[in-house]
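Below is one structure, written out as structure tokens; comments come after it.
Letters A, B, ... are given to chains in the order of the sequence lines, protein chains preceding strands, and every chain is numbered from 1. Predicted model, so just to flag it, every value in this text is computed and none were measured.
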Protein chains: 2
Amino acid sequence: MRGKQRYYCKSCDFHFTITEASTPTETRRHHEVTIMDIANQLGISKSTVSRALRGHADIHEATRKMILDLAQQLDYQPNPLANALLKRRTNIVGILVPEFRHYFFPTFIMGAQEVLSKAGYNVMICQSDESYETEVANVKALLRSRVDGLLVSITAKTENFDHFRAVMQKEVPLVFFNRVCPELDTPQVIIDDYSGALQAVEHLIEQGYRRIAHLAGPVTLQVSRLRLQGYIDALQKHQLPLDQDLIVYHDLTEEHARICTRQLLDMPQPPDAIFAVNDPCAIEIMLIAKQRGIKIPQDLGIVGFSNDPISAIIEPSLTTVEQPVWKIGEESARLLLEQMERPKVEKRMLATRLIARDSSLRGKS
Amino acid sequence: MRGKQRYYCKSCDFHFTITEASTPTETRRHHEVTIMDIANQLGISKSTVSRALRGHADIHEATRKMILDLAQQLDYQPNPLANALLKRRTNIVGILVPEFRHYFFPTFIMGAQEVLSKAGYNVMICQSDESYETEVANVKALLRSRVDGLLVSITAKTENFDHFRAVMQKEVPLVFFNRVCPELDTPQVIIDDYSGALQAVEHLIEQGYRRIAHLAGPVTLQVSRLRLQGYIDALQKHQLPLDQDLIVYHDLTEEHARICTRQLLDMPQPPDAIFAVNDPCAIEIMLIAKQRGIKIPQDLGIVGFSNDPISAIIEPSLTTVEQPVWKIGEESARLLLEQMERPKVEKRMLATRLIARDSSLRGKS
DNA sequence: ACCCGTTTCGAGAAGCTTCCCGATAGTTTT
DNA sequence: AAAACTATCGGGAAGCTTCTCGAAACGGGT
């Protein structure tokens with residue numbers, strides 16, 4: 001191989017540097033085999049090994065082969081930590097969701113993960129658990145972990161967005177999905193909530209329901225507001241009166257959904273149909289109605305939103321608005337990847353589609 | 001490829017070297033504020049800053065305060081990459097599950113994550129998607145990411161365990177849960193599948209069912225084998241004949257569950273009850289039975305396993321064996337944490353409990 | 001022989017921390 | 001007043017990689 005000692009010349013006169021034996025007697029028990037192990041064992045420098053492994057030019061074919069062979073034999077695995085430290089990128093994407101009990105978020109994650117892992121990214125998942133404080137803490141933790149990008153669906157309680165402004169200020173690519181943040185100008189992937197809600201309520205009207213209630217979500221969430229607006233506009237379009245008492249807001253917990261349902265059903269003039277902001281709470285409505293012996297869809301029509309798998313299974317089957325969850329995941333991931341290439345604020349909206357099932361089909365009446 | 005311009009110095013007089021202005025004038029725009037920024041700004045050494053931040057002794061109170069104040073003001077966040085590189089620990093735990101579509105694994109993850117994040121660990125989640133190759137690739141990726149520990153539930157197809165042997169050889173703490181690996185002597189958290197199955201089938205017998213089938217899982221999984229054994233022993237205990245035709249094995253997909261169900265129901269002498277290896281496939285059975293107009297529980301008793309939330313909602317409600325999923329997550333995480341303290345092989349088993357519901361309650365007959 | 005260009009490789013820094021060890025001060029003890 | 005401590009702090013290495021700069025060897029041309 002090439003010599004190892006070299007002279008130095010700052011402003012002349014070369015003082016050579018005698019690299020004495022650095023006691024490479026035994027292999028120095030490593031936890032993991034490093035590039036230096038290969039270099040030492042082959043009597044060459046780590047630079048050369050790195051170059052060979054990186055597939056650089058400027059290296060003799062024989063040397064390259066030797067290095068590659070030994071690397072394989074030792075099962076050398078490059079250390080991503082060292083790499084991340086140097087390159088300032090971890091190849092990790094953070095995903096922050098409010099929960100993962102129901103169908104939506106796990107499915108979203110599967111879709112996103114498929115795209116991301118194909119692009120060479122690992123994923124770090126956090127749940128805010130619908131707590132604003134946890135959300136802030138999670139964002140901080142993900143930032144501290146130096147994630148290369150962030151996929152976020154906010155909490156129903158999030159009203160202050162400074163933690164996301166901090167993300168943007170650090171220029172960490174950020175994509176919101178589903179529960180987005182209207183006052184921040186960031187890329188996002190949403191579905192057409194308004195039109196979905198409009199379809200849902202028009203469907204109820206077509207089926208002859210006239211006193212239609214809406215079990216809404218928290219007003220803090222844009223999704224809730226849009227679905228509410230769809231509800232309102234559908235009534236207006238068909239010249240039905242808008243009764244504020246028929247709109248109840250709940251905090252997306254099952255418990256509160258039950259309370260609100262009872263409130264609606266206990267009215268002096270109870271509604272003859274309920275449009276629920278999502279399927280889990282539509283199902284709570286259905287359970288209570290069944291428990292009370294209310295006939296669905298004859299006495300009460302029910303429509304949900306999101307098409308959770310359980311909606312097709314429950315009896316009567318639940319009419320709902322389909323949203324392409326898996327695709328939302330894929331799209332969000334793709335948008336994030338594009339974002340990491342070159343920043344540009346882009347908002348994508350996916351279509352929704354009504355799936356009419358038994359819970360609202362009573363024919364014309 | 002080669003560098004651009006360099007000086008020449010054979011025996012002095014340096015031919016020019018055009019190292020262009022590296023502009024270290026202002027603070028050298030950092031992506032993140034480091035310990036060195038604090039040190040420079042305060043005119044002290046990074047060692048001192050580190051000590052102050054680490055809360056070491058050996059530091060003047062005034063200095064410490066000065067450092068802490070500036071750190072707060074600059075919003076200094078220690079770089080975990082550098083730390084991990086130095087300490088050889090990332091504070092990340094890997095979780096590897098076969099899927100995330102159903103109730104079990106997401107809930108498990110929530111339980112585990114609660115314990116782990118309280119202990120200061122982040123979590124990296126991978127899905128093998130029931131593919132052996134993906135599982136191997138995921139284990140490798142997690143190992144490469146230098147996770148400090150691993151929580152694993154294997155694929156139904158995993159029959160070669162070399163990738164886990166590699167984990168053990170590298171002395172990375174490893175805890176299996178639910179779908180464990182019998183031929184490896186590792187810590188694990190399981191539930192009492194055998195006794196759960198025994199209870200389930202005895203319950204069917206008590207309800208007067210006599211020709212009880214078992215829709216089993218893949219024999220490769222210990223869970224399946226134990227539940228099968230519980231089924232067999234329950235029959236034996238009550239002197240019922242064991243008919244091999246009444247045992248069908250499926251691969252845990254919904255599609256295959258339907259095929260196997262039809263096979264059972266199409267028999268010349270169909271069963272009067274089916275014990276399913278888990279709830280998702282029990283529900284497939286129920287759907288087909290309902291579709292065919294078979295009365296549940298009169299003509300066909302059904303019992304599942306795992307108590308997914310949907311089991312209480314479907315009609316008729318599904319009798320099932322409850323397993324404390326959340327607790328399995330917590331226990332597994334705790335066991336892993338203990339493992340990281342000091343290795344010892346410990347196996348924990350959590351109790352199961354039968355929940356009798358409508359799908360099997362027809363009274364004595 | 002000498003010079004030059006080409007090919008192949010080595011040294012070293014950077015990226016950010018922590019920790020060991022040694023070095024200054026300042027303070028107390030004989 | 002000299003010696004011995006103590007309280008604080010700084011230097012530098014290590015952890016692993018990549019990349020830049022420049023050096024060594026070799027071949028060919030004159």
Side-chain angles (χ1 to χ4, degrees), chain A residues 1-10 14 16-19 22 28 30-39 42-64 66-67 76-90 144 146, chain B residues 1-10 14-15 17-20 22 24 28 30-39 42-64 66-67 76-90 144 146:
Chain A
M1 289 303 112
R2 205 52 58 89
K4 34 186 60 172
Q5 74 308 320
R6 51 205 313 233
Y7 338 130
Y8 218 149
C9 161
K10 199 63 174 182
F14 40 107
F16 32 144
T17 65
I18 310 170
T19 47
S22 49
R28 202 169 116 254
H30 257 312
H31 283 198
E32 296 288 341
V33 31
T34 76
I35 216 173
M36 275 301 281
D37 295 327
I38 300 181
L42 255 36
I44 57 180
S45 84
K46 60 183 168 23
S47 319
T48 306
V49 178
S50 172
R51 248 186 321 247
L53 259 21
R54 283 307 91 217
H56 270 250
D58 253 31
I59 192 166
H60 195 83
E61 194 45 55
T63 316
R64 180 205 306 282
M66 201 170 62
I67 293 171
Y76 165 75
Q77 298 284 344
N79 187 327
L81 294 172
N83 207 356
L85 186 59
L86 187 62
K87 302 287 203 52
R88 285 209 194 79
R89 53 181 325 202
T90 51
R144 209 180 317 120
R146 305 297 198 275
Chain B
M1 272 305 126
R2 202 56 61 83
K4 4 193 115 154
Q5 71 309 322
R6 53 278 277 277
Y7 27 94
Y8 216 153
C9 160
K10 199 60 177 185
F14 43 113
H15 298 176
T17 155
I18 316 178
T19 45
E20 59 248 71
S22 48
R28 203 173 113 252
H30 257 313
H31 282 199
E32 298 289 340
V33 31
T34 75
I35 216 173
M36 273 302 279
D37 295 328
I38 300 181
L42 256 36
I44 55 180
S45 85
K46 59 181 168 29
S47 318
T48 306
V49 178
S50 171
R51 250 188 318 250
L53 260 21
R54 282 312 88 219
H56 269 249
D58 253 31
I59 191 164
H60 195 83
E61 193 45 55
T63 317
R64 179 204 307 281
M66 201 169 64
I67 294 171
Y76 166 75
Q77 299 285 344
N79 187 327
L81 294 171
N83 207 354
L85 186 59
L86 187 61
K87 302 287 204 52
R88 286 210 194 77
R89 53 180 327 201
T90 52
R144 209 180 317 119
R146 305 297 199 272

Would you mind writing out the side-chain donor-acceptor pairs for residues 78-87 of chain A within the sub-3.5 Å range, not counting sequence neighbours?
residue	atom	partner	partner atom	Å
A:Asn79	OD1	A:Leu81	N	2.8
A:Asn79	OD1	A:Ala82	N	3.4

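The side chain of A:Lys87 lies closest to D:dT18, out of C:dT18, D:dT18, D:dT17. With D:dT17, D:dG15, C:dC16 as the candidates, the nucleotide lying closest to the side chain of B:Leu85 is D:dG15. When distances are taken from the side chain of B:Thr34 to each of C:dC16, D:dT17, C:dC19, the shortest belongs to C:dC16.
Rounded to an integer number of Å, the gap from B:Asp37 CG to C:dT17 P is 9 Å. In this structure, A:Asn79 places its CG atom 14 Å from C1' of C:dC16, rounding to the nearest Å. Look at CG on A:Leu53: it is 11 Å from C1' on D:dT17, rounded to the nearest Å. Protein atom CG of A:Leu81 is 10 Å distant from nucleotide atom P of D:dT17, rounded to whole Å. For A:Arg89 and D:dT17, the CZ to C1' distance is 15 Å, given to the nearest whole Å. Note: NE2 (B:His56) to P (C:dT18) measures 8 Å, nearest angstrom. Separating the CZ atom of B:Arg54 from the P atom of C:dC16 is a distance of 16 Å, rounded to the nearest angstrom. The nearest whole Å value for the distance from the CZ atom in B:Arg144 to the P atom in D:dC16 is 17 Å.
Evaluation of the salt bridge (Lys or Arg N to Asp or Glu O under 4.0 Å) test over residues 54-64 of chain B, restricted to residues two or more places apart or in two chains, returns B:Glu61-B:Arg64.
With sequence neighbours excluded, the residues that form a side-chain hydrogen bond (donor to acceptor under 3.5 Å, both in side chains) with A:Arg89 are A:Tyr121. With sequence neighbours left out, the side-chain hydrogen bond (donor to acceptor under 3.5 Å, both in side chains) criterion links A:Ser45 to A:Thr48. A:Arg144 pairs by the side-chain hydrogen bond (donor to acceptor under 3.5 Å, both in side chains) definition with B:Gln77, not counting sequence neighbours.
Contact check, A:Ser50 against D:dT18: a side-chain N or O comes under 4.0 Å of OP1 or OP2. Of the side-chain N and O atoms in B:Tyr76, one or more sit less than 4.0 angstrom from OP1 or OP2 of C:dT17.
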With 3.5 Å as the limit, what N/O pairs link the protein to nucleotides 5-13 of chain D?
residue	atom	partner	partner atom	Å
D:dT8	OP1	B:His60	ND1	3.4
D:dC9	OP1	B:Thr63	OG1	2.7
D:dC9	OP2	B:His60	N	2.8
D:dC9	OP2	B:Thr63	OG1	3.4
D:dG10	OP1	B:Ser45	N	3.4
D:dG10	OP2	B:Ser45	N	2.9
D:dG10	OP2	B:Ser45	OG	3.0
D:dG10	OP2	B:Thr48	OG1	2.4
D:dG10	N7	B:Arg51	NH2	3.4
D:dG10	O6	B:Arg51	NH1	3.1
D:dG11	N7	B:Ser47	OG	3.0
D:dG11	O6	B:Ser47	OG	3.0
D:dG12	N7	B:Lys46	NZ	3.2
D:dG12	O6	B:Lys46	NZ	3.1
D:dG12	O6	B:Ser47	OG	3.1

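Atoms CZ and NE2, on B:Arg51 and B:His56 in that order, are 8.0 Å from each other to the nearest 0.5 Å.
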Discussion item. Walk me through whether A:Leu53 and A:Ile35 qualify under side chain to side chain contact (heavy atoms under 4.5 Å, CB included).
Written reply: CA-CA 9 Å; A:Leu53 259 21; A:Ile35 216 173; 4.2 Å; yes
